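Remember, it's a predicted structure, so these values are computed and weren't measured experimentally.
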Amino acid sequence: MSDLVINQKVLPDISKSKWDQNTYSGRVKHYFASANPMTLFTSSATQEKCRKIVLDYKKGVINPDLTMDQLWRAKILYDSIYHPDTGEKMFCLGRMSAQMPANMVITGLLLSFYRTCPGVIFSHWINQSFNAIVNYTNRSGNSKTTNQQLFYSYCFATGAATTAALGLNMMVKNSHGLAARLVPFVAVAAANAINIPMVRANELTDGIELCDENDQLVGKSRQLAALSIAQVTLSRIAMAMPDMVLSPVIMNRFTRTAYYKTRPLIQKYSEMPIQTFLAGIGLYFTTPLGCALFPQKSAIEVSKLEASVQRDILARDHAPKVVFYNKGL
């Protein structure tokens, strides 16, 4: 069969994505696959089978009956379940595939419990607790970020989100319209602007790692660290914006209809299910679309780096003209 891996003239490089990561469409396809919530329901036996296929392939051991489709399916499932640096199975809530279902429920809470102080505190605490789990699960194997630093960022982000939400609620307390419904989004955006730089503070002081084409460390850049953190923050906010802005607009419009006003049960019990449902639809698309805004691994000419970094790299034997860096997620 022509689609068998062993029949390929050039074996596929599974250290890279199946799709071209230099194009936005390629990155979108990659994240639609890696963030697929259905991978959460795969059995342990299936996960172990995919893990064996990938690890064996990397060692040069190829099953004669292995097809190209099976190889790429195994690669996608492996990447979504196992940590890229340590190879350990990641906690299910910290995986990219958990982003849509978990954030769907959390967004429903944020958009429904925005009116009362206990509701605001509870919903933002849940949101930042989930973010802390994601940050801890996906931390780099070479990361110098300590558990204490993650805890501080968690506390500051929770405090910032809660303070922003309560403060803005005070400003719009006489409004039961759209302005009040948009408060959760502003609070979440503020928390992201604090949380991500704090978690990655070491990169701002020491610099983000720069590697050559052989993946060998050749230097560090604080300038690119700041750019990468800004890109990740913007991506996170962009992922939250459509469902946290459009859902309140739709809900605000719905509450003004005669159908809604004449049905007390609908008024009492419909808000959270509707908001959660709308958030789920939005997040299914915005999670991969937001992650794909910027390439995860980018190349830059050494001549465009800071002068001190240029000197350090060019002083090396066989100094590269182009280096690569990973902005993170």
Locate the shortest heavy-atom distance separating [X] from [Y]; write the atom from each residue and the value.
X: P197; Y: T233; answer: CD-OG1, 4.4 Å
X: Y114; Y: P184; answer: CB-CG, 3.7 Å
X: S34; Y: S80; answer: O-CB, 3.7 Å
X: S303; Y: Q310; answer: O-NE2, 3.0 Å
X: M198; Y: S153; answer: CB-CB, 3.7 Å
X: T107; Y: M244; answer: CG2-CG, 3.9 Å

Worksheet item: Side-chain donor-acceptor pair under 3.5 Å between T39 and S97, yes or no?
Response: yes
Worksheet item: Do you see a donor-acceptor pair shorter than 3.5 Å between the side chains of S15 and D13?
Response: yes
With heavy-atom distances below 4.5 Å as the criterion, would you say the side chains of [X] and [Y] are in contact?
X: Y57; Y: K59; answer: no
X: D212; Y: V323; answer: no
X: E213; Y: P320; answer: no
X: L283; Y: Q99; answer: no
X: L66; Y: L4; answer: no
X: R222; Y: L204; answer: no
X: K89; Y: Q47; answer: yes
X: R95; Y: I81; answer: yes

For the pair [X] (side chain) and [Y] (backbone), establish whether a donor and an acceptor sit closer than 3.5 Å, ignoring hydrogens and angles.
X: Q275; Y: S112; answer: no
X: E306; Y: Q223; answer: yes
X: E209; Y: K220; answer: no
X: Q70; Y: T67; answer: yes
X: T255; Y: N252; answer: yes
X: T257; Y: F254; answer: yes
X: T205; Y: N202; answer: yes
X: R263; Y: Y259; answer: yes
X: Q267; Y: Y260; answer: yes
X: T46; Y: T42; answer: no

Discussion item. Can you classify the ring geometry of F285 versus F32 as parallel (below 30°), tilted (30 to 60°) or perpendicular (above 60°)?
Written reply: perpendicular
Fill in: Whether F122 and F113 hold their rings parallel, tilted or perpendicular, with breakpoints at 30° and 60°
tilted
Answer yes or no: does atom [atom1] of [X] have more than 12 heavy-atom neighbours from other residues, nucleotides or ligands under 6.0 Å?
X: Y284; atom1: OH; result: no
X: F277; atom1: CZ; result: no
X: R253; atom1: CZ; result: no

Can you tell me how far apart [atom1] ([X]) and [atom2] ([Y]) are? Round to the nearest 0.5 Å.
X: L71; Y: N63; atom1: CG; atom2: CG; result: 11.0 Å
X: M239; Y: L234; atom1: CE; atom2: CG; result: 11.5 Å
X: I106; Y: T276; atom1: CD1; atom2: OG1; result: 11.0 Å
X: L110; Y: M272; atom1: CG; atom2: CE; result: 9.5 Å
X: C155; Y: F151; atom1: SG; atom2: CZ; result: 3.5 Å
X: L109; Y: N103; atom1: CG; atom2: CG; result: 11.0 Å

Worksheet entry | Pair E203 + K327, salt bridge at N-O below 4.0 Å | no
Worksheet item: Hey, is E271 close enough to R115 for a salt bridge, meaning N to O under 4.0 Å?
Response: yes
Between [X] and [Y], is there a shared hydrophobic cluster once you connect ILVMFWY residues whose side-chain heavy atoms come closer than 4.5 Å?
X: W72; Y: I62; answer: yes
X: L227; Y: I196; answer: no
X: L246; Y: I281; answer: no
X: L40; Y: L77; answer: no
X: I300; Y: V302; answer: yes

Practice prompt. Kindly determine whether L293 and Q231 satisfy side chain to side chain contact (heavy atoms under 4.5 Å, CB included), including the steps that lead there.
Written response: CA-CA 8 Å; L293 281 177; Q231 289 178 341; over 6 Å; no
Fill in: Candidate pair T162 and H124, rule side-chain hydrogen bond (donor to acceptor under 3.5 Å, both in side chains), full reasoning
CA-CA 6 Å; T162 304; H124 284 286; 5.6 Å; no
Discussion item. Centroid separation under 6.0 Å, is that true for the rings of Y154 and F130?
Written reply: no
Practice prompt. Could you name each residue pair satisfying salt bridge (Lys or Arg N to Asp or Glu O under 4.0 Å) that touches residues 39-51, not counting sequence neighbours?
Written response: E48-R51
Fill in: side chain to side chain contact (heavy atoms under 4.5 Å, CB included) between Y325 and S228, intermediate numbers included
CA-CA 9 Å; Y325 65 97; S228 298; 3.5 Å; yes
Worksheet entry | Check against side chain to side chain contact (heavy atoms under 4.5 Å, CB included), L278 and D243 | CA-CA 7 Å; L278 292 173; D243 50 283; over 6 Å; no
Worksheet item: Taking it one step at a time, do V309 and D312 satisfy side chain to side chain contact (heavy atoms under 4.5 Å, CB included)?
Response: CA-CA 5 Å; V309 179; D312 292 341; 5.6 Å; no
